[in-house]
Amino acid sequence: MMASGRKLVRADYADPRSVRAARFFLGKVLCVQAPDGYAEGVMIETEAYGGRRDAASHAFGNRRTARTEIMFAPGGVAYVYLCYGMHRLFNIVTGPVDSAQAVLVRAVKITAGHELVRKRRVGVAEKDWASGPGRVCAALGIEMHHNRHDLLGETIWIEDRGIVPPARQVKRTPRIGVDYAGVWALKPWRFVWSP
DNA sequence: CTCTCGATTAGCT
DNA sequence: GCTAATCGAGAGA
């Protein structure tokens, strides 16, 4: 952990609106201490999922199942799930209990653990190491067993290093891969920081 | 139980 | 631009 880093606390995950949370997380550093080593990256692309009313969310219609239950927990825990049978996707649960707000981390820029990530992403160009939600997990070593992990612990956490993305470098777009969600797919709830 | 499909990626044309 | 890979969640019978 960098000396200047402030680990986010419960209150940092309490925003009841995941759209604001998604914007807030841009520039924050996602840190993972895995069995094979430590790696971290600055979050540069996030997407908000808006709970039971959002047709793109797994919690749509107040759907509470073994998989989605963790989304209803108070903010500050990990929601990791398997997509297309092979890719892990990492979400930050935000907001108060039962609000089912979540933020998908779609891309990070690796800032520590380069040698480790190079081994995990053999043959992949550095610019592609963590550019995509499945790639973020592959690069940082996030596995299914990290699902439901508390983000205030020593395994996966987020730090504020004082990195502030200039507003003019942050773009909002509709979310990716949620065309099935009708009008909800049109909401500009994806945030991209392009320095 | 069966069936469908996915908050994606890599590799190819 | 196109699509195979790969398997669990969720829905319905």
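- Using a 4.5 Å cut-off on side-chain heavy atoms (C-beta onward), Ile156(A) and Phe90(A) make contact.
- Classified by interplanar angle (parallel below 30°, tilted 30° to 60°, perpendicular above 60°), the ring pair His58(A)/Tyr79(A) is perpendicular.
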Sub-3.5 Å pairs of nitrogen or oxygen atoms, protein against nucleotides 7-9 of chain B:
from, atom 1, to, atom 2, distance (Å)
dA7(B), OP1, His58(A), NE2, 2.9
dA7(B), OP2, Tyr180(A), OH, 2.6
dA7(B), N9, Tyr81(A), OH, 3.2
dA7(B), N7, Ala56(A), O, 3.4
dA7(B), N7, His58(A), NE2, 3.1
dA7(B), N1, Asn91(A), OD1, 2.5
dT8(B), OP1, Arg106(A), NH1, 3.3
dT8(B), O2, His87(A), NE2, 2.6
dT9(B), OP1, Gly132(A), O, 3.4
dT9(B), OP1, Pro133(A), N, 3.1
dT9(B), OP1, Gly134(A), N, 2.8
dT9(B), OP1, Arg135(A), N, 3.2
dT9(B), O4', His87(A), NE2, 3.3

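- The distance from the CD1 atom of Ile110(A) to the NZ atom of Lys127(A) is 14.5 Å, given to the nearest 0.5 Å.
- For Arg53(A), the CZ atom sits in a loose shell: 12 or fewer heavy atoms of surrounding residues, nucleotides or ligands are nearer than 6.0 Å.
- Remark: Thr65(A) is in phosphate contact with dG10(C), judged by side-chain N or O atoms under 4.0 Å from OP1 or OP2.
- A salt bridge between Glu159(A) and Arg6(A) is absent, with no side-chain N of the basic residue lying under 4.0 Å from a carboxylate O of the acidic one.
- Here the P atom of nucleotide dT6(C) and the CZ atom of Arg88(A) are 14 Å apart, to the nearest Å.
- Applying the salt bridge (Lys or Arg N to Asp or Glu O under 4.0 Å) test to Arg175(A) and every residue at least two apart in sequence or in another chain returns Asp54(A).
- Atom CD in Glu69(A) sits roughly 15 Å away from atom C1' in dG10(C) (whole-Å rounding).
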So what is the 5' to 3' dot-bracket string for DNA chain C, if pairs are Watson-Crick or G-U wobble with both distances under 3.5 Å, crossing pairs use [ ] and | means the partner sits on another strand?
|||||.||||||.

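- Side-chain atoms of Tyr49(A) and Val103(A), non-hydrogen and from C-beta on, never get closer than 4.5 Å to each other.
- When the C1' atom of dG10(C) is taken as reference, atom CZ of Phe60(A) falls 14 Å away, rounded to whole Å.
- A salt bridge links Lys7(A) with Glu154(A): the distance from a Lys NZ or Arg NE/NH1/NH2 to an Asp or Glu carboxylate oxygen falls below 4.0 Å.
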